[in-house]
2 protein chains.
Amino acid sequence: MSDQSGFDLKDFMPYLLNQAADVTSRRFEVCYKSRYGMLRTEWRVVFHLGRYGDMTASDICARARIHKTKVSRAIRALEVKRYLGRTERAHDRRQETLSLTPTGRQVFDDLYREAARFDAQMMAHFDAADQAVLRRLLTRIAEL
Amino acid sequence: MSDQSGFDLKDFMPYLLNQAADVTSRRFEVCYKSRYGMLRTEWRVVFHLGRYGDMTASDICARARIHKTKVSRAIRALEVKRYLGRTERAHDRRQETLSLTPTGRQVFDDLYREAARFDAQMMAHFDAADQAVLRRLLTRIAEL
DNA sequence: GAGTAGTAGTTGCTTTTGTAACTAACAACA
DNA sequence: TGTTGTTAGTTACAAAAGCAACTACTACTC
């Protein structure tokens with residue numbers, strides 16, 4: 001019964017993607033969690049601000065496709081840790097420009113290096129052509 | 001600073017994997033959630049039992065790499081819905097063999113078809129060679 | 001066969017996420 | 001000006017996940 005096609009759980013792309021995402025995320029999580037007590041969303045917010053410059057909360061939501069409540073809570077937590085600060089925008093007082101503090105910048109620099117190293121190490125298992133296919137397809141899938 | 005390497009968030013594999021996993025999982029979630037009020041872990045448990053046959057809770061934990069508390073609660077929920085039943089094992093009364101009820105089997109059959117269709121539709125965007133690379137690399141990464 | 005260690009599975013408590021409703025500010029237009 | 005609609009961000013409450021302690025049982029060892 002139900003076995004005719006031989007379609008397996010390991011062939012099911014959402015499952016496979018989740019497994020791979022889970023393994024890698026949990027491994028990298030150790031860095032920002034143990035060193036800075038940060039959560040995943042906090043790390044992403046720091047990355048965005050550090051890599052792409054100051055922006056508002058909703059900019060981060062749009063770029064990273066994270067829900068605004070999650071971002072809101074991450075910002076609050078980072079503020080408490082003194083990793084970022086807010087500046088109200090003159091022409092629209094609903095918005096606040098977020099920017100890393102010097103400490104936050106240091107945290108970013110450290111984690112950024114770590115992330116690059118982590119990625120390189122992980123991808124070293126595959127040749128350049130395979131890597132390119134992987135990145136291209138994942139990007140495409142994420143845009144579905 | 002920190003821009004020398006040009007390493008981008010979109011180059012960071014854990015991030016990319018999460019985005020892709022998230023998009024696809026959320027899309028498929030609609031099927032088991034709206035039709036059967038099931039959670040992701042419940043769907044996975046049903047898949048395992050339906051596709052690979054009766055097994056114990058810890059078999060599922062090991063195969064799917066899900067924590068035992070999550071599996072335990074999923075089993076409970078599926079039992080309440082009358083999608084599965086338990087049979088105590090004679091030689092080791094700690095273990096219970098789990099098996100789908102006829103209703104559970106129907107649910108599996110329906111979702112299994114849906115999953116196969118979903119996967120095929122998604123992968124239709126890519127040629128066979130790319131698909132092969134994707135599956136191979138993701139499997140490899142998940143085993144890291 | 002009593003004592004110790006290890007495994008299967010559950011439960012209670014805490015942390016994190018999801019959802020929806022909310023406040024405050026802007027914008028457009030009568 | 002005032003009313004209506006929209007957007008930025010927060011908060012409150014509910015659902016789910018993570019973690020650690022627990023029960024019940026098996027297995028090993030003296």
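What you see is a predicted model, and the numbers here were worked out from it, not measured in a lab.
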Q: Could you check whether the rings of Tyr32(A) and Trp43(A) sit parallel, tilted or perpendicular, using 30° and 60° as the cut-offs?
A: parallel

(Q) Can you confirm whether or not the ring centre of Phe47(B) sits under 6.0 Å from the ring centre of Tyr15(A)? (A) no

Q | Whole-Å distance separating the CZ atom of Arg63(A) from the C1' atom of dA8(D) | A | 18 Å

Q.
To the nearest 0.5 Å, what is the distance between CE on Met38(A) and CZ on Arg44(A)?
A. 12.0 Å

Q: Identify, residue by residue, the members of residues 21-41 of chain B with a heavy atom below 4.0 Å from DNA chain C, and return them in order of residue number, or none.
A: Arg26(B)

Q) Is the shortest side-chain N to carboxylate O distance from Arg135(A) to Asp119(A) below 4.0 Å? A) yes

Q) Does anyone know the first and last nucleotide of DNA chain C in reach of chain B, 5' to 3', at under 4.0 angstrom to a heavy atom? A) dG6(C) to dG18(C)

Q) Rounded to whole angstrom units, what separation is found between the CZ atom of Arg93(B) and the P atom of dT26(D)? A) 5 Å

Q) Are Arg136(B) and Asp130(A) ion-paired here, with the side-chain N under 4.0 Å from a carboxylate O? A) yes

**Q.** Heavy-atom side-chain contact between Leu17(A) and Val23(B) under 4.5 Å
**A.** no

Q. In Å and rounded to the nearest 0.5 Å, what is the CG to CD distance from Leu98(B) to Glu79(B)?
A. 8.5 Å

(Q) What I want to find out is whether Arg140(A) reaches Glu143(A) closely enough, with some N-O distance under 4.0 Å, to be called a salt bridge. (A) no

**Q.** Which atom of Leu16(A) lies closest to which atom of Leu138(B), heavy atoms considered
**A.** CG-CB, 3.8 Å

Q) Is it true that Arg113(B) and Asp109(B) have a side-chain N and a carboxylate O under 4.0 angstrom from each other? A) no

Q: Classify the side chain of Arg94(A) and the base of dT7(D) as holding, or not holding, a donor-acceptor pair under 3.5 Å.
A: yes

**Q.** His91(B) NE2 to dT26(D) P, straight-line distance once rounded to whole Å
**A.** 10 Å

Q. So which of residues 65-85 of chain B are in contact with DNA chain D, with a heavy-atom cut-off of under 4.0 Å?
A. Thr69(B), Lys70(B), Arg73(B)

